[in-house]
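Order of the sequence lines fixes the chain letters, A, B, ..., with proteins taken first and strands second; residue numbering starts at 1 for each chain.
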Amino acid sequence: MNKENSHISSYKDHLMVLSILITLTVLTVAITSIELSAFNTAAALLIATVKATIVLLYFMHLRFDQKVYLIMTVLVLALLVVVIGITVFDYIDR
Amino acid sequence: MENNHLPNYLEYRGKYKGLLGWLTTTDHKRIGLLYMYSMLTFFATGAVLGILMRLELIAPGKQLMEAQTYNALFTLHGLSMIFLFVIPGVAAVFGNFILPIIIGAKDVAFPRVNLLSWYLYIIGAIIVLTSQFMGDGPPDTGWTFYAPYSLKTQTNVVAAVLGAFVLGFSSILTGLNFITTMHRLRAPGMGWMRMPIFAWTLYATGWIQLLATPIVGITLLMIAAERLLGIGFFDPALGGDPILYQHLFWTYSHPAVYIMILPAMGVISEIIPTFSRKPIFGYTALIISSMAIAFVGYFVWGHHMFTSGMSTGSRWIFSFLSFIVALPSAVKVFNWTATLYKGSIRLQTPFWWAMGFIFVFMIGGFSGLVVGSLATDIHVHDTYFVVAHFHYIVFGGTGFAFFAAMHYWWPKIYGRVYNAKIANIGLGIFFTGFNIIYFPMFILGMQGMPRRYYDYLPQFENWNVVSTIGSWIMVTGLIIIITNLLRARKATGKIVDDPWDGPTLEWSIKSPPIVENFEEIPVVTTGPYEFK
Amino acid sequence: MYSGASNLVTTTDNVFFLIIGISVFFLIGISATIIWFIIRYNNKKHPVAEQIHGSLTLEIVWTVIPLILVLIMFFYGWAGYSPVRDAPKDALNIEATARMWSWSFKYPNGVQTDTLIIPLNKAVVLDLISIDVVHSLYIPAFRIKEDMVPGRTNKMWFIGQKTGTYELFCAEYCGLSHSYMFTEVKVLEQQEYDNWMAQRSDTAAQAVAMAVPGAAGRRLIEVNGCLACHSTDGSKLIGPTFKGVYGQTITISTDGQTRQITVDDAYITKSIYEPDVDIVEGYRKGQMQSYKNQLNDQQVQQIIEYLSTLK
Amino acid sequence: METTINAHTDLHRDDTAAKLGMWLFIFTEILLFGGLFIVYSVYRYLNPVAFHLAHEELSIPMGLINTIILLVSSATVAMSITAMQKGDKKMSMYFVAATVILALVFLINKYFEWGSKFEHGMYPGSELMALLSKGDMLFFSLYFFMTGLHAVHILVGMALLIVTFFRIKQNHVRSDKYALLENSGLYWHLVDLIWIFLFPLFYLIH
Ligand code: HEA
Ligand code: HEA
Ligand code: CUA
Ligand SMILES: [Cu+2]
């Protein structure tokens with residue numbers, strides 16, 4: 001492989017990440033099963049975002065890879081969020 | 001040069017001979033030519049449909065065909081011109097042929113994926129074309145497939161939609177390939193800021209292809225699912241919202257117009273320095289403007305929906321951004337003009353094509369400002385004014401650049417020059433015909449003639465006649481141009497490596513290029529447009 | 001241009017002039033500059049090019065000036081458009097319904113027409129309703145257009161400022177007869193308009209007019225746009241002609257099964273309420289939409305009465 | 001020089017290019033689902049009550065189990081890469097195999113989930129669907145379409161992993177040359193990534 005990418009995550013790291021992810025999942029289910037109305041969705045999405053970030057950074061190695069990948073990913077996700085935002089804005093604004 | 005015996009890519013014999021050799025090739029140059037010839041075929045098909053439509057419109061009432069046929073014609077005309085000609089267009093043909101050479105590489109990053117793209121392109125094209133003959137008759141929705149009409153019509157929409165989906169896939173893979181190529185395979189010494197503008201425009205295009213195409217892909221799949229499985233997405237009877245379809249469609253299709261125009265602008269940015277014998281004016285500004293077009297162009301889609309019942313705030317935003325996206329184009333036009341200043345201009349055919357491009361592109365762009373403005377678009381939306389706008393800018397922009405590129409790189413591709421005199425005459429006729437067809441459409445649109453009209457009121461007749469006559473002039477010009485080029489492959493033309501003294505890397509090698517492009521990968525030490 | 005036919009004409013046309021004016025200025029300016037450079041710096045006259053790479057000042061100049069210009073254009077475009085959004089409160093409210101491929105207009109007092117008749121100098125609000133697919137109501141002389149989207153009601157308003165008759169087109173592609181989906185707007189003096197309306201809503205007078213056998217049915221057929229697809233003179237349009245249809249023996253197909261039937265009251269009622277069940281030979285399914293929500297049994301009966309007069 | 005094909009594929013091997021290509025492809029996939037997320041957001045905004053009620057038809061335990069399965073499978077591919085980097089071919093193969101099996105379990109779960117819906121007459125175009133309110137109809141349309149598309153991606157991911165498995169076995173994928181494994185892994189994480197959002201959006205929303 002190329003030199004910059006010699007980082008090897010240990011099994012332990014992976015298991016650690018996995019347990020965090022599972023904890024977060026259970027946490028979402030727990031939170032959403034209590035009625036918190038509007039906060040529910042926000043909380044669920046927030047946790048999902050945290051989980052996604054962890055997957056991207058550790059499982060998908062963005063943290064250890066060259067920075068371009070990270071930059072690209074962030075920009076692409078930002079783009080998607082803006083597009084969703086603009087579209088939904090049209091409906092909110094009607 | 002010692003290694004003069006190295007075979008060029010045309011003579012080269014691989015594992016397979018003849019046609020099979022071409023169909024299994026992974027050589028970017030051959031793939032470029034595969035694209036070119038298949039594309040010219042589809043373009044000719046689409047063009048013939050255009051001519052037929054103009055004949056039908058020469059007078060009110062029925063001339064040649066029934067309304068159903070006419071509706072199918074403009075649908076297929078739009079589909080083939082957009083998806084089979086201008087979207088792959090300059091990028092697939094000249095991007096493939098020239099990009100690796102111009103950045104000093106032996107091929108693209110994924111040669112086999114490149115061939116796969118071409119096959120997907122052909123498969124998509126075949127599906128779209130067979131949709132004409134299978135099922136319940138040719139689709140009649142217009143190239144925009146607006147729901148719910150596209151859900152209600154009995155015609156064969158599903159096949160057309162799936163064809164477009166496959167074509168989208170092809171486009172994505174091309175973009176992916178080019179971006180990776182530019183990241184990984186630039187010649188030693190060629191930093192990003194030494195990369196020729198043409199490559200930069202392909203880079204910007206690649207990102208749009210990657211990030212916009214999937215959205216139309218999924219939208220078209222939803223249309224197919226809705227028709228086949230009755231899954232309700234856009235049919236109000238099933239709870240859907242037709243306007244959401246328009247949002248999704250244009251989220252792709254506006255950026256798609258920049259997929260069409262950016263590589264075209266790249267071609268012009270190559271031609272102008274070569275023939276003015278001086279570096280392009282404002283190299284950095286041109287790069288920034290390309291990226292800005294790609295970026296801002298992603299957020300203006302709603303200007304196709306000003307009358308759809310979108311919210312007031314959205315109309316405001318989309319109109320505003322449409323005006324902003326015009327700025328980078330303005331910057332480009334000014335920089336091209338400035339490049340001529342104190343040059344030593346050689347009046348050869350590609351140069352004339354570039355000048356023709358600038359002229360019609362300006363008209364197309366300015367009419368874009370008229371439709372981008374709210375008050376005026378309310379009047380001219382869905383009229384012939386819009387038809388004039390996009391023919392000026394799509395055919396005038398991308399089409400002109402495509403022909404400009406052919407005239408510029410033909411000697412590179414075949415190692416021979418064409419007859420310049422005939423080429424210029426052809427251009428003259430073509431240019432005249434072009435303006436006679438499309439300019440009257442601006443007037444018709446201002447008078448209020450809606451588009452996609454099989455029949456019209458008598459007061460619109462005069463300008464329609466003019467326009468139809470223009471179409472005959474233009475065909476004449478195009479036939480001259482194309483036969484002149486095709487003949488130059490063998491019959492005429494002396495053999496040359498570099499007829500224009502071009503500054504960029506593709507002119508430093510033999511014409512036609514050898515299989516590996518470079519005998520030795522060059523080391524780049526300066527910016528792209530340095531003249532001794 | 002500047003006909004003054006509606007309250008929107010002048011503002012809209014001003015924006016046209018502004019944008020086209022700036023455009024023509026730049027088009028001519030840039031073209032002239034290019035031609036001048038081509039002549040002046042032709043390689044015969046100017047054999048050695050000067051190797052200029054660019055100029056930051058110029059880049060800024062030709063970004064900022066167009067920026068200002070487009071902001072001006074945007075502003076006037078917006079300003080010319082924003083009145084389109086809010087209609088005056090006391091406007092005359094008419095319901096405009098589009099279907100493939102005809103128009104109908106319903107006035108507050110229930111009167112229905114197939115041409116839009118409006119009083120002079122009075123604000124008119126149209127509720128835009130579509131039964132089937134997207135249409136778009138376009139009155140070029142008034143510089144106004146808005147889509148009619150099924151499932152929601154868009155709105156449009158204007159003031160007719162000059163008496164006369166103007167074209168009204170469908171501007172959004174809606175299938176086969178899109179280009180024939182055409183009607184007119186008549187702007188009448190208030191007095192004339194009132195007379196017309198009085199006549200149309202005068203029940204007694206209407207009753208007399210409708211006493212003629214079939215007259216009521218005829219009116220229904222006009223205002224519901226049946227004539228877009230059915231002729232009364234025997235010619236074939238999108239649907240079969242109404243001439244002589246009543247009592248005729250025809251071939252229809254139901255779920256792919258063809259059979260012969262005689263056209264009677266029950267069949268016609270079914271054809272109007274569930275047009276896609278029995279398809280007349282030689283015609284296509286899916287063209288005619290159900291009129292279940294537009295026509296009640298009594299009205300269908302009137303239509304049948306009218307059809308039976310067409311021999 | 002033998003064939004055109006060789007002349008051009010024998011360019012130096014470039015694993016970074018392969019990885020970049022995979023990332024670009026992942027971006028495309030994100031926007032493919034992105035289109036559906038747009039649709040979801042809009043319809044959810046338009047039909048909040050219906051969406052709320054409709055989600056109660058879905059079984060949270062089922063969704064939760066599937067989520068955990070996918071998370072674990074993500075960890076196993078990641079660990080197979082670790083194993084490969086350490087030169088432990090056997091281990092790496094075990095992990096890939098484990099991932100494929102987990103994927104299969106996911107699909108089987110999904111099969112039962114969908115199956116029970118179908119049994120109740122809930123499927124696209126069914127009569128029962130047609131009776132629902134418009135908001136419910138949209139919810140289930142989206143549910144079937146998005147989870148269906150996701151399942152297709154699972155299948156593609158499985159295919160990739162199976163190919164990788166055999167390539168490892170044949171020593172085509174080795175500790176000094178494991179771009180294929182890495183890329184299949186990336187793709188698999190993407191599948192997981194999307195599910196991370198699908199789960200709360202369909203099963204948990206209130
Ligand atoms: C190559 C393709 C291409 C390109 C590049 C463009 C470029 C632009 N387009 Fe166009 N457009 C289409 C292809 C394209 N378009 C197509 C196919 C349709 C119709 C689709 C359909 O409905 O079927 C369409 C429709 C369309 C509409 C919808 C019209 C309607 O349906 O009502 C609008 C509205 O805003 C619009 C705007 C613009 C603008 C503002 C630009 C700008 O980017 C233009 C910028 C260029 C210039 C401004 C000229 C150069 C500048 C100067 C010379 C300097 C001086 C400038 C200033 C002072 C500002 N386009
Ligand atoms: C690249 C895009 C492109 C191009 C080049 C053209 C080219 C032409 N178009 Fe266009 N057109 C569209 C894209 C394009 N069109 C789109 C997207 C629509 C909207 C569709 C919709 O509404 O859904 C449209 C719609 C459209 C309409 C409006 C239909 C309507 O709204 O009712 C009309 C009407 O006149 C028209 C006419 C023409 C004509 C006469 C040509 C001609 O200029 C063609 C001229 C070209 C030739 C005559 C070439 C002939 C040359 C040969 C045959 C050479 C032989 C070749 C070889 C040997 C290889 N087109
Ligand atoms: Cu109705 Cu077009
Ligand atoms: Cu656009």
Side-chain angles (χ1 to χ4, degrees), chain A residues 1-9 21 25 28 32 35 37-38 40-42 44-94, chain B residues 172 175-176 179-180 182-184 192 203-204 206-216 218-219 234 240-255 291 294-306 308-322:
Chain A
M1 268 289 38
N2 49 328
K3 311 99 233 156
E4 321 94 71
N5 183 23
S6 50
H7 178 93
I8 302 181
S9 318
L21 287 172
T25 310
T28 349
T32 46
E35 284 296 339
S37 70
N40 259 320
T41 322
L45 283 181
L46 190 72
I47 297 181
T49 312
V50 173
K51 280 162 68 187
T53 315
I54 295 176
V55 171
L56 281 165
L57 287 179
Y58 293 94
F59 282 168
M60 294 173 94
H61 251 109
L62 280 184
R63 202 167 147 211
F64 314 109
D65 255 332
Q66 281 169 302
K67 282 281 165 292
V68 254
Y69 298 113
L70 185 62
I71 297 171
M72 284 179 180
T73 312
V74 170
L75 289 179
V76 168
L77 292 175
L79 178 85
L80 178 60
V81 171
V82 175
V83 170
I84 295 182
I86 295 185
T87 317
V88 174
F89 170 75
D90 174 24
Y91 289 84
I92 297 178
D93 189 44
R94 278 199 193 145
Chain B
I172 289 174
L176 187 155
I179 293 183
T180 315
M182 278 175 266
H183 272 276
R184 298 299 303 162
W192 284 102
Y203 188 73
W207 278 106
I208 314 179
Q209 286 172 310
L210 278 181
L211 300 182
T213 320
I215 296 199
V216 79
I218 196 70
T219 311
F234 304 121
D241 178 16
I243 298 182
L244 184 60
Y245 171 81
Q246 301 180 11
H247 271 299
L248 292 169
F249 181 81
W250 293 114
T251 305
Y252 164 70
S253 295
H254 184 83
M291 298 310 281
F295 182 71
V296 184
Y298 211 101
F299 306 112
V300 308
W301 74 81
H303 65 206
H304 297 268
M305 304 161 56
F306 284 154
S308 68
M310 204 168 48
S311 79
T312 313
S314 302
R315 299 187 211 211
W316 199 98
I317 295 174
F318 285 126
S319 173
F320 181 77
L321 290 174
S322 301

- Side chain, backbone, both or neither: which part of B:Ile317 has a heavy atom under 4.5 Å from chain A? side chain
- Task: Can you tell which part of B:Leu244 gets under 4.5 Å to a heavy atom of chain A, answering side chain, backbone, both or neither?
- Result: both
- Can you check whether B:Phe306's main-chain N or O pairs, donor with acceptor, with B:Arg315's side chain at less than 3.5 Å?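 Checked: pair present.
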- Message: Quick check against the 3.5 Å criterion: does A:Asp93 have a side-chain atom that pairs as donor or acceptor with the backbone of B:Gly313?
- Response: yes
- Is there a side-chain contact between B:Phe318 and B:His254, using heavy atoms and a 4.5 Å cut-off? no
- Among A:Ile86, A:Leu80, A:Val68, which has the most heavy-atom pairs under 4.5 Å with chain B?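 Heavy-atom pair counts peak at A:Ile86.
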- Taking every heavy-atom pair that is under 4.5 Å apart, which of A:Ile92, A:Val83, A:Val82 has the most such pairs with chain B?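 Top count of heavy-atom pairs under 4.5 Å with chain B: A:Val83.
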- Task: Establish, from distance only, whether the side-chain atoms of B:Ser322 and B:His303 form a donor-acceptor pair under 3.5 Å.
- Result: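 Yes, because at least one side-chain N or O of B:Ser322 sits under 3.5 Å from a partner of the opposite role on B:His303.
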